[in-house]
**Student:** 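First the structure, which I've put down as structure tokens, then a few questions once you've had a look.
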There are 2 protein chains.
Amino acid sequence: MTARKENESIKELFNKILPLSEVSFSKLKTIFNSVSIKKDEVFIKIDQKNNSEYFIETGFARSFLVNPEGEEITLSFYKSGNALSPHITRTKLNKSLLNFQALTSVELIEFDADQFLNLMIENLEIRNLGNAILLNELISKTEKEMALASLTAKERLIGFRSEFGILENLIAHPIISSYLGITNVSLSRLRNEIAKG
Amino acid sequence: MTARKENESIKELFNKILPLSEVSFSKLKTIFNSVSIKKDEVFIKIDQKNNSEYFIETGFARSFLVNPEGEEITLSFYKSGNALSPHITRTKLNKSLLNFQALTSVELIEFDADQFLNLMIENLEIRNLGNAILLNELISKTEKEMALASLTAKERLIGFRSEFGILENLIAHPIISSYLGITNVSLSRLRNEIAKG
DNA sequence: ATCACTTTTTATCATTTGTTAATGGATTAC
DNA sequence: GTAATCCATTAACAAATGATAAAAAGTGAT
């Protein structure tokens, strides 16, 4: 019963990206695993082997890189219902190009990337699901690119809040400020400024 | 003879992305067209129907959006040998999400996106080619994201020059400055500063 | 070559953001 | 409960960037 209910909620997860028939979902069901990640754990490490696709069932995660000065730069945030960047865009020669970290405790759905790809080839709905994930990834990167190019830091913070507001009270601020392209001191100033009205 | 030679150079174009066998290339050959675009022409317009994949044979192009203030924001530059963003990431319901403009006279290789997709499904090499294009797209966006988050405008200009240097003398500077996330006046200052040493 | 037009550069001043360091608040370990 | 630690906030100053406008340079047509 518990398992059944869990499958229902996982089906909902995919449906939010692209509605799937019972047949397609049952094919996916045969190849995924549930994984629990503790808060702060870096569950995908740069340059390390990785051959999975991931969906976030509950919790928040981020992707990040370390720049030449040794600072961690957050590239994207992920929340419940999001797919992580597709394996093909996230790895080169099966090694990860980025780090991914749990920002809260996280429940992940994990697929073997090759098995998922095979399902994409044989099943139109799953192919469309995969392509929708890819599209979402590029759209969110394009939106961020556009925001960085044409909005002020204050506007970008307001945009971040509308999508991930709750995170601001859960995680260290340098994680957010590096995403916004500003220092944590500037973030603190903007927070104060917005609060004053 | 001319046609033959042209095919050779087009094969070279794909080989730079991912080497193809003669068999795979001949399959591609049956579905592509060569297209000439005049300098400044916007050959893909936002919100308009588009169902093609593109490769740049010669010349330079850019993608751009118009922000709420009416300013054109350049998102990416493309040069000879580049594929444009894949159709799947560039369109929604077959309508373009971005504008694409020729910055010089441009020779394009154009594929019908559905026909290209069918070849990807039936042919492993072409599938790998398509995936390599996708990967390159994400990598270049990630690199730009990282540069905007952690480099100064001067460092970003130096990076732009190493990849597209010649463009700086061919196109209007606001096209470049919006890509770098600064005003054209700031770009002029940086140019002067770098020139002085 | 000249004129009209466009683009880049320069100048001035205002604003934003960065840097560094000190302060204050919260959390955790003991 | 207190000390130690971590993190956000604040302050003071420096540097970078923006906005506006004027000057200079470049481009194209005639």
Side-chain angles (χ1 to χ4, degrees), chain A residues 38-40 60 62 64 67-74 101 103-105 144-161 164-197, chain B residues 38-40 60 62 64 67-74 101 103-105 144-161 164-197:
Chain A
K38 289 205 184 71
K39 178 172 156 66
D40 296 333
F60 292 89
R62 68 159 175 157
F64 72 97
N67 73 7
E69 285 76 41
E71 301 151 344
E72 294 184 354
I73 309 291
T74 300
Q101 181 181 35
L103 297 173
T104 61
S105 67
K144 189 183 169 193
E145 204 172 7
M146 173 106 189
L148 281 168
S150 71
L151 302 182
T152 64
K154 194 200 281 191
E155 292 169 318
R156 297 201 298 277
L157 173 56
I158 291 168
F160 166 80
R161 283 180 172 179
F164 299 103
I166 185 73
L167 268 188
E168 198 173 336
N169 303 313
L170 295 179
I171 65 179
H173 286 184
I175 291 175
I176 298 170
S177 61
S178 69
Y179 175 81
L180 297 174
I182 56 178
T183 62
N184 57 333
V185 176
S186 287
L187 173 57
S188 180
R189 274 197 287 242
L190 293 175
R191 282 162 51 79
N192 181 291
E193 205 177 304
I194 292 173
K196 278 186 192 156
Chain B
K38 291 204 182 72
K39 177 172 156 67
D40 295 333
F60 292 90
R62 67 158 176 158
F64 72 97
N67 74 8
E69 284 77 41
E71 301 152 342
E72 295 185 353
I73 308 291
T74 300
Q101 182 181 33
L103 297 173
T104 61
S105 69
K144 188 183 168 195
E145 205 172 6
M146 174 108 187
L148 282 167
S150 72
L151 302 181
T152 65
K154 193 200 282 191
E155 291 169 318
R156 296 201 297 276
L157 173 56
I158 291 167
F160 166 80
R161 284 181 170 180
F164 299 104
I166 185 72
L167 267 187
E168 197 174 336
N169 303 312
L170 296 179
I171 65 178
H173 286 181
I175 291 175
I176 299 170
S177 61
S178 70
Y179 174 80
L180 297 174
I182 57 178
T183 62
N184 58 333
V185 176
S186 287
L187 173 57
S188 178
R189 273 197 289 242
L190 293 177
R191 281 162 52 78
N192 181 291
E193 206 177 303
I194 292 173
K196 278 186 191 157

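Labels below follow one simple rule: chain letters A, B, ... track the order of the sequence lines, proteins then strands, and each chain is numbered from 1. Hydrogens, waters and symmetry mates are skipped; everything else that's a heavy atom, side chains included, is used.
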**Student:** Could you state the CD-P distance from A:E168 to D:dC7, rounded to the nearest angstrom?
**Tutor:** 17 Å
**Student:** To the nearest angstrom, how far is B:H173 atom NE2 from C:dT8 atom P?
**Tutor:** 5 Å
**Student:** Answer yes or no: is there a side-chain heavy-atom contact under 4.5 Å between A:L157 and A:L187?
**Tutor:** yes
**Student:** Quick one: does A:L180's side chain get under 4.5 Å of A:L190's, heavy atoms only?
**Tutor:** no
**Student:** Over how many whole Å does the gap from A:K154 atom NZ to C:dT17 atom P extend?
**Tutor:**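 Going from NZ in A:K154 over to P in C:dT17 covers 9 Å.
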**Student:** Could you check whether the rings of A:Y179 and A:F160 sit parallel, tilted or perpendicular, using 30° and 60° as the cut-offs?
**Tutor:**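 A:Y179 and A:F160: tilted rings.
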**Student:** Identify, residue by residue, the members of residues 175-182 of chain A with a heavy atom below 4.0 Å from DNA chain C, and return them in order of residue number, or none.
**Tutor:** A:G181, A:I182
**Student:** Answer with base, sugar-phosphate or nothing: what part of the nucleic acid does B:R191 contact at a heavy-atom distance below 4.0 Å?
**Tutor:** sugar-phosphate
**Student:** Of the listed nucleotides (C:dT20, C:dT10, C:dT8), which one gets closest to any side-chain atom of B:V185?
**Tutor:**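 Of the options given, the side chain of B:V185 lies nearest C:dT10.
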**Student:** What salt bridge (Lys or Arg N to Asp or Glu O under 4.0 Å) pairs are there with at least one residue in residues 165-188 of chain B, not counting sequence neighbours?
**Tutor:** B:R161-B:E168, B:E168-B:R191
**Student:** Expressed in angstrom and rounded to an integer, what is the separation of B:L190 atom CG from C:dT10 atom P?
**Tutor:** 12 Å
**Student:** Would you indicate whether the side-chain heavy atoms of A:I182 and A:R156 approach each other to under 4.5 Å?
**Tutor:** yes
**Student:** Would you compute the distance between atom OG of B:S178 and atom CD of B:E72 and round it to the nearest 0.5 angstrom?
**Tutor:** 8.0 Å
**Student:** Should B:N192 be listed as having a side-chain N or O under 4.0 Å from OP1 or OP2 of C:dT10?
**Tutor:**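 For C:dT10, OP1 or OP2 has a side-chain N or O of B:N192 closer than 4.0 Å.
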**Student:** Are B:F64 and B:I175 packed together at the side-chain level, in the sense that at least one heavy-atom pair is separated by less than 4.5 angstrom?
**Tutor:**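 No, too far: nothing below the 4.5 Å cut-off.
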**Student:** In this structure, how many angstroms lie between the C1' atom of C:dT16 and the CG atom of A:L151, rounded?
**Tutor:**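 The distance from CG of A:L151 to C1' of C:dT16 comes to 15 Å, rounded to the nearest Å.
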**Student:** Starting at CG of B:N184 and ending at P of D:dT20, how long is that distance when rounded to a whole Å?
**Tutor:** 12 Å
**Student:** Bend angle of the helix from C:dA1-D:dT30 to C:dC30-D:dG1 from five-pair axes at both ends, rounded to 10°?
**Tutor:**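 One end's axis against the other's: 50°.
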**Student:** Roughly how many Å is it from CG in B:L187 to C1' in C:dT10, rounded to a whole number?
**Tutor:** 14 Å
**Student:** Measure from CG on B:L157 to P on D:dT17 and round the result to the nearest Å.
**Tutor:**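 Interatomic distance, CG of B:L157 to P of D:dT17: 11 Å.
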**Student:** Establish, with yes or no, whether the OP1 or OP2 oxygen of D:dA8 is under 4.0 angstrom from a side-chain nitrogen or oxygen of A:S188.
**Tutor:**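 No, because none of the side-chain N or O atoms of A:S188 sits under 4.0 Å from OP1 or OP2 of D:dA8.
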**Student:** Does A:Q101 use its side chain to pair, donor to acceptor, with the backbone of A:R62 at less than 3.5 Å?
**Tutor:** no
**Student:** OP1 or OP2 of D:dT17 less than 4.0 angstrom from a side-chain nitrogen or oxygen of B:T183, does that happen here?
**Tutor:**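 Answer no for this pair, as no side-chain N or O of B:T183 is under 4.0 Å from OP1 or OP2.
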**Student:** Indicate yes or no for a side-chain donor-acceptor contact from B:S177 to the backbone of B:P174 under 3.5 Å, with no hydrogens or angles considered.
**Tutor:** yes
